[in-house]
Amino acid sequence: QVQLVESGGGLVRAGGSLRLSCAASGSIDSINAMGWYRQALGKQRELVATITRGGSTNYADSVKGRFTISRDNAKNTVNLQMDSLKPEDTAVYYCYAYSWVAVYKYDYWGQGTRVTVSS
């Protein structure tokens, strides 16, 4: 089992910055990749950014150049630095992780942290 806890959400004005953190615990050695999703009101949950155990990253087109995902392996933490925030970035942001055990894939989700960007 893997547990994920997000922190760092809040209220910020357009153009400002926030840094989200996700701390993983439990069977951390089994984690293959971690990342962030977000869900705005009335919208489907969408991928924001991912980072693999080897450090490969991927970003949604809407956040490229503004958001940066990083990891701290020593602390089992993944961060999302969000700069130049826009009102359309307003959403609940969810940390996620997945693990492969033999041929089985397991997905894990945090409880979410709310980000509100005012115009």
Is there a side-chain contact between [X] and [Y], using heavy atoms and a 4.5 Å cut-off?
| X | Y | answer |
| --- | --- | --- |
| Leu4 | Met34 | yes |
| Leu85 | Leu18 | yes |
| Glu6 | Trp36 | yes |
| Thr52 | Asn32 | no |

**Prompt:** Under a single-linkage rule joining Ile, Leu, Val, Met, Phe, Trp and Tyr whose side-chain heavy atoms are separated by less than 4.5 Å, which residues share a cluster with Tyr37?
**Reply:**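 Besides Tyr37, the cluster holds Leu47, Val92, Tyr94, Tyr96, Tyr98, Trp100, Trp109.
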**Asked** Can you list every side chain to side chain donor-acceptor pair (under 3.5 Å) pair that touches residues 74-92, not counting sequence neighbours?
**Response**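 Pairs touching residues 74-92 that pass the test: Ser17-Asp83, Arg19-Gln81, Ser21-Asn79, Arg38-Asp89, Arg66-Asp89, Gln81-Asp83.
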**Asked** According to the disulfide bond (SG atoms under 2.5 Å apart) rule, which pairs have a member within residues 39-116, sequence neighbours left out?
**Response**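 Matches after skipping sequence neighbours: Cys22-Cys95.
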**Request:** Would you list the pairs meeting disulfide bond (SG atoms under 2.5 Å apart) in which at least one residue belongs to residues 54-89, sequence neighbours left out?
**Result:**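 As it turns out, there is no disulfide bond (SG atoms under 2.5 Å apart) pair with a partner in residues 54-89 once direct neighbours are skipped.
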**Request:** Could you go through the side chain to side chain contact (heavy atoms under 4.5 Å, CB included) check for Leu80 and Thr68 one step at a time?
**Result:** CA-CA 6 Å; Leu80 184 69; Thr68 304; over 6 Å; no
I'd like to check the side chain to side chain donor-acceptor pair (under 3.5 Å) partners of [X]; sequence neighbours left out, ordered by chain and number.
| X | value |
| --- | --- |
| Thr50 | none |
| Thr57 | none |
| Asp29 | none |

**Asked** Is there any ring pair (Phe, Tyr, Trp, His ring centres under 6.0 Å) pair reaching into residues 49-76, and which pairs are they, with sequence neighbours excluded?
**Response**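 Qualifying pairs, neighbours excluded: none.
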**Where at least one partner belongs to residues 12-33, residue pairs that pass ring pair (Phe, Tyr, Trp, His ring centres under 6.0 Å), sequence neighbours excluded** =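 Those involving residues 12-33 do not exist here.
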Show me the donor-acceptor pairs within less than 3.5 Å that the side chains of residues 111-119 make with the rest of the protein, sequence neighbours left out.
| from | atom 1 | to | atom 2 | distance (Å) |
| --- | --- | --- | --- | --- |
| Thr113 | OG1 | Gly9 | N | 3.2 |

**Prompt:** By side-chain contact (heavy atoms from CB on, under 4.5 Å), which residues pair with Gln1, not counting sequence neighbours?
**Reply:**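 Listed in chain order: Gln3, Tyr108.
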**Sequence neighbours excluded, every pair satisfying salt bridge (charged side-chain N to carboxylate O under 4.0 Å, His left out) that has a member inside residues 91-105** =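 Counting only pairs at least two positions apart or across chains, the salt bridge (charged side-chain N to carboxylate O under 4.0 Å, His left out) contacts touching residues 91-105 are Lys105-Asp107.
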**Asked** Between the side chain of Ser27 and the main-chain N/O of Ser30, is any donor-acceptor distance below 3.5 Å?
**Response**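 Side chain of Ser27 to backbone of Ser30: no pair is present.
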**Item:** Spatial distance of atom OG (Ser99) from atom OH (Tyr104) [nearest 0.5 Å]
**Value:**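 Separation between the atoms: 15.5 Å.
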